[in-house]
Amino acid sequence: MASHSDTLVVFFGATAGENGGKLGSDEREIILLVWQIVDLHEKKVGKLHKCFVKPDTLELTDQCKEETGLTVDDIVKAEPLDKVLQQFQQSVSSEVKCLGRTTYTLCVDSPLVIRQALHPEASKKNLVLPEIFFSFVDVRKEFHKCCPNAGLAQKLTLTSMLEYVGLPAVSEESIGVREVRSMVQLTLCILAEPHNHKFSCVETVNYKFDSGTCSKTEPVDSEAVIRARGLPWQSSDQDIARFFKGLNIAKGGVALCLNAQGRRNGEALVRFINSEHRDLALERHKHHMGSRYIEVYKATGEEFLKIAGGTSNEVAQFLSKENQVIIRMRGLPFTATPQDVLAFLGPESPVTDGTEGLLFVKYPDGRPTGDAFVLFSCEEYAQNALKKHKQILGKRYIELFRSTAAEVQQVLNRYMSTPLISTLPPSPIMPVPVLTTPPFLPAASSTRDCVRLRGLPYTAGIEDILEFMGEHTVDIKPHGVHMVLNQQGRPSGDAFIQMKSPDKAFMVAQKCHKKTMKDRYVEVFQCSTEEMSIVLMGGTLNRSGLSPPPCKLPCLSPPTAYAAFPTPPAILSEAALYQPPLLAAPRPPQTTAHSPAHTLAYYPPQPHLYMNMNMNYTAYYPSPPVSPSTVGYFAASPAVAVAAQPHHAAAAASPVLPQHGALVRMQGLPYNTGVKDILSFFQGYQLQPDAVLILYNFSGQCSGEALITFPSEEIARQAVAERSNHPFYGQQVHLAFCN
């Protein structure tokens, strides 16, 4: 029997758009339901029922009209879906009762009508489906189990199955009636001798999505993972599960992706229970969540584990409590304690297990990041907490929004593996040479040996570009891929590629122009190194010709404090090059007696400070205008380049470093802090404007930290002792002497 059911309800549905194997792929509404009951004990058949359904949009596609033979006039006077489902429930219950039976199970010829049409539409219309629609049997799978030689279940059709058992095809012309009668005939046939089949392959639809954790060592099937793109930033895992309603997502199988600033980037990785459900999810490509369409692509298990997997015992313990609602708090004062957070949330939002239900996110050295996660035992408490969104704690407003177990893992992984700045151990001051020609800046030339890619997807990376280039990848110069970013440090959709010769650049422009990358066509133009340099420095390149940058980039030089870093700087000219977490405020250019050109300090790459772009690429973000690779896919360190210079050039380059003082780290600054604010705070301590270096994050905002160089160690220690307890514009800051 079908999971010990007494009866089967043979069921069929059609939509106003695609039907058959593409049913539900175009989000069209259901317009027809047909059903008939089969008594599994007596092998009797009940009355056939056919109901039209009135959709919200009274429009049928031409394909629907051709396949179903229906018109708008047939459905205009019909009842809406919720009323028809009530009729279905009452009819089935009454008929089963009349037969003296108590239980029943749906029987369909494909899971599409349940998983891809009925559940998604009911979810969008906020309808509560009867329990019968959460389990069903697929007549094709049951027939394959009964007659394994008939062929693969996915390729079976009602006609082929009837033919296999020697039954004539149903001559009924009316859609729905024909399919239901065919299924009833097949059911009665395999129930009888010689098959004596028992319906046992019951499929289920999850009532709700279960959150949970995922270990990095857990095996994840790559054939069961998709990437959803274009999600509203405030979407939770439950919202995503609702978008895929009807398909079964694995426990903890929704991982929201974060950007470099720890904010959601509109993407999520979703892990389904098997490849069949993943394939059905791919059919929902460009379906809508509210007014936004969502793109759905294949992904890998490795990508899922990278986002959702975790190894932290602290996180595992925090997430070990079942059926908890997770809320993320962002923007907490660095001095906030668990008691401060509990008081902020108030008695109407009790946190599960008090302080045990709080998880503060910290950097590897123990400094707070301003983020925390909170557990609530029920939806009501979580809703009360969300009402405090942007209310004030201390001197700062706090953001609250729903979160997921995967996001907890991802945020902790990100902060614990990527420190904002490296530690500052003492290191001896070493003389460094002056580089007269930076090895990474292409010399301006009118030779057209470059190509410009325009219209790239904003999520495209270097690997995507190399795949797009195909066979022409071998003709790219070493470290010749330059991704152009906008003023906010985000991809602009442009990139420049340096080829080995003008002929190679011409071939790429001819072969790759308007090829597609991730559903977008990309324009490819041949250009010169000079044109590339102008764009990377902030100018524009269009049909009207070249427009130079609005102003020349200011030269930046780090304070003397940077002598404390393990790697000594080398002085470069022309452009200001800084590591992403160390973008500094512009300061006047410095000149030396040895060179008339402006100079600045360059710090060789340290792998743990940068984004890993694979293929030996290292991404640098110079001061705006921006390009992560304008200044940095290095094949050799500056020292190697200096060694390769002629003797007279190296001799002319002498170390020019300012006098070194004492460094103090300042933490907990407001995000709108400026150099003048810090100078005012330390008034009377003989500080000059160029002694202050404010640290910025990837988005160009103040990270809450600054490095201050005092004239001497004595003055630095005095400043730390006297100013540590003074509020900085109403906010407590932390001062630490870096000896």
Step-by-step side-chain contact (heavy atoms from CB on, under 4.5 Å) determination, Glu95 to His49: CA-CA 11 Å; Glu95 196 168 347; His49 301 265; 3.2 Å; yes

Interatomic distance, Thr103 atom OG1 to Leu8 atom CG [nearest 0.5 angstrom]: 10.0 Å

Aromatic ring pairing Phe134/Tyr207, orientation class (parallel under 30°, perpendicular over 60°, tilted between): parallel

Residues Arg328, Glu399: salt bridge by 4.0 Å N-O rule: no

Cys64/Ile31 under side-chain contact (heavy atoms from CB on, under 4.5 Å): CA gap, chis, key distance, verdict: CA-CA 10 Å; Cys64 171; Ile31 59 171; 3.8 Å; yes

salt_bridge(Lys141, Glu203) N-O dist < 4.0 Å: yes

Flag if over 12 foreign heavy atoms under 6.0 Å of CZ, Phe88: yes

Rounded distance (nearest 0.5 Å) linking atom OH of Tyr297 with atom CZ of Arg227: 10.5 Å

Minimum heavy-atom distance Gly668-Val733, with the two atoms named: O-CG1, 3.6 Å

N-O pairing of Glu276 and Arg115 below 4.0 Å: no

Sole residue of Phe209, Phe304, Phe244 in ring pair (Phe, Tyr, Trp, His ring centres under 6.0 Å) with Phe272: Phe244

Of Phe136, Phe133, Trp35, the residue whose pairing with Phe11 passes ring pair (Phe, Tyr, Trp, His ring centres under 6.0 Å): Phe133

Nearest heavy atoms of Thr352 and Gln324, plus distance in Å: OG1-OE1, 2.6 Å

Contact list for residues 338-350, test salt bridge (Lys or Arg N to Asp or Glu O under 4.0 Å), sequence neighbours left out: Glu348-Lys388

